Enquirer: 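Just passing along the structure, written as structure tokens.
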Amino acid sequence: MVKKEWFTTDSSKSKLESIYSLIAYLVLLFTVVFIVIKWSNVPEIIPTHFDALGRVNDTGSKWLVLIFPAILYVTVSLFNFFKKHPEWANYPSRVNESNANEFWAINRETISNLSSSAILFFSIATFNFISSAIGWVDFINGYSFIILLIVLFIFPVIIQIVKMKKIK
């Protein structure tokens, strides 16, 4: 059983975490500014779903675009909450008092990466929906979204697992 006392929660970010966060928050700021600037040009009905070839196969209200920033707020808030509670994370059974902080450092980095990935993913989706609705060319099709999901969400988890396997 993992004990809270095993962790010395150092809240300082690594250089890589800081770079990820800075880029993600700049992208988020750009996305919010983009929504505000383009809002009056967005038609009332916008594309909300695309098939694998990038063809629109569902539409909805332009107000649906505002769901993405709300989802991001909740997601990033949850990630930040979990960064403050290392004892709640799912660790291998071999975690103990002597290696708990190594596990926590990897877990904290992964949480930061996934938080930044969520911001990037939803910002790209928002930009794609709005640009498609106002007649700009779509820059992401269904296959690109799948690749983006793998790169942004699956790879960080695989990297975490590999790093944790190396801890004795």
Side-chain angles (χ1 to χ4, degrees), residues 10-38 42 46-60 62-86 88-92 102-134 136-167:
D10 177 14
S11 61
S12 61
K13 292 181 177 182
S14 71
K15 190 174 187 176
L16 190 59
E17 285 176 90
S18 297
I19 291 169
Y20 286 154
S21 293
L22 176 64
I23 291 169
Y25 284 111
L26 287 174
V27 168
L28 180 59
L29 177 65
F30 169 78
T31 302
V32 171
V33 169
F34 181 72
I35 290 170
V36 169
I37 290 171
K38 292 297 180 186
V42 177
I46 63 167
T48 57
H49 195 267
F50 304 85
D51 66 12
L53 299 175
R55 295 180 301 232
V56 176
N57 60 11
D58 199 8
T59 59
K62 77 179 190 178
W63 293 94
L64 288 173
V65 169
L66 300 180
I67 288 176
F68 290 143
I71 291 171
L72 282 175
Y73 175 77
V74 170
T75 303
V76 172
S77 296
L78 283 171
F79 280 138
N80 288 333
F81 176 79
F82 285 119
K83 283 202 283 192
K84 294 178 182 165
H85 294 281
W88 291 1
N90 188 14
Y91 295 105
E102 286 181 83
F103 278 103
W104 172 235
I106 293 168
N107 199 27
R108 188 189 67 227
E109 181 181 309
T110 303
I111 291 170
S112 293
N113 291 350
L114 291 174
S115 179
S116 298
S117 293
I119 291 171
L120 292 172
F121 181 78
F122 283 109
S123 294
I124 290 169
T126 301
F127 184 80
N128 198 51
F129 288 151
I130 291 176
S131 64
S132 176
I134 62 177
W136 291 359
V137 72
D138 296 336
F139 67 98
I140 293 233
N141 63 27
Y143 296 117
S144 301
F145 264 115
I146 292 169
I147 292 168
L148 194 62
L149 282 170
I150 291 170
V151 169
L152 291 177
F153 296 103
I154 305 298
F155 282 169
V157 173
I158 292 171
I159 290 167
Q160 175 195 25
I161 291 168
V162 169
K163 284 181 178 179
M164 283 189 175
K165 285 211 175 275
K166 293 179 182 177
I167 298 175

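Numbering starts at 1 and runs along the sequence shown. Values below: all heavy atoms of this structure, side chains included; hydrogens, waters and symmetry mates excluded. Fair warning: this is a prediction, and the values are worked out from it, not measured in the lab.
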Enquirer: Would you list the pairs meeting side chain to side chain donor-acceptor pair (under 3.5 Å) in which at least one residue belongs to residues 146-158, sequence neighbours left out?
Expert: none

Enquirer: Can you give me the closest heavy-atom contact between Gly60 and Thr48, atom names plus distance?
Expert: N-CG2, 3.5 Å

Enquirer: Would you say the side chain of Ile154 lies within less than 4.5 Å of the side chain of Leu149, judging by non-hydrogen atoms?
Expert: no

Enquirer: Output all residues satisfying side-chain hydrogen bond (donor to acceptor under 3.5 Å, both in side chains) with Ser123, sequence neighbours left out; order by chain, then residue number.
Expert: Thr31

Enquirer: Considering residues at least two apart in sequence or located in another chain, which fulfil the side-chain hydrogen bond (donor to acceptor under 3.5 Å, both in side chains) criterion with Asn57?
Expert: His49

Enquirer: Please round to the nearest 0.5 Å and tell me the distance separating atom CD1 of Ile119 and atom CD1 of Ile71.
Expert: 13.0 Å

Enquirer: Do the non-hydrogen side-chain atoms of Ile106 and Ile167 ever get within less than 4.5 Å of each other?
Expert: yes

Enquirer: Atom OH of Tyr25 and atom CG of Leu120: how far apart are they, to the nearest 0.5 Å?
Expert: 11.0 Å

Enquirer: Can you tell me how far the CD1 atom of Ile111 sits from the CG atom of Leu78, to the nearest 0.5 Å?
Expert: 11.0 Å

Enquirer: Would you please name every residue forming a side-chain contact (heavy atoms from CB on, under 4.5 Å) with Val33, sequence neighbours left out?
Expert: Leu29, Ile37

Enquirer: With Lys163, which residues qualify under side-chain hydrogen bond (donor to acceptor under 3.5 Å, both in side chains), at least two apart?
Expert: Glu109

Enquirer: Which residues satisfy the side-chain contact (heavy atoms from CB on, under 4.5 Å) test with Ile161, sequence neighbours excluded?
Expert: Val157, Lys165

Enquirer: Applying ring pair (Phe, Tyr, Trp, His ring centres under 6.0 Å), name anything that partners Tyr73, two or more places apart in sequence or on another chain.
Expert: none

Enquirer: Applying side-chain contact (heavy atoms from CB on, under 4.5 Å), name anything that partners Pro69, two or more places apart in sequence or on another chain.
Expert: Ile35

Enquirer: Look up atom CG in Leu66 and atom OG1 in Thr126, then write down how far apart they are to the nearest 0.5 Å.
Expert: 9.0 Å

Enquirer: Does anything in residues 66-78 form a salt bridge (charged side-chain N to carboxylate O under 4.0 Å, His left out)? List the pairs, not counting sequence neighbours.
Expert: none

Enquirer: Provide the closest heavy-atom pair for Phe82 versus Trp104 in the form atom of the first, atom of the second, distance.
Expert: O-CH2, 3.6 Å

Enquirer: Return the set of residues passing side-chain contact (heavy atoms from CB on, under 4.5 Å) with Ile19 (not counting sequence neighbours), or none when no residue passes.
Expert: Lys15, Ile23

Enquirer: Could you give the distance from CG (Leu152) to CD1 (Ile124), rounded to the nearest 0.5 Å?
Expert: 6.5 Å

Enquirer: Please list, chain by chain and in numerical order, all residues satisfying ring pair (Phe, Tyr, Trp, His ring centres under 6.0 Å) with Phe122, sequence neighbours excluded.
Expert: Phe68

Enquirer: For the residue pair Ala133 and Ile46, what are the closest heavy atoms and their distance?
Expert: CB-CG2, 3.4 Å

Enquirer: Nearest 0.5 angstrom please: Ile67 CD1 to Leu72 CG, how far?
Expert: 12.0 Å

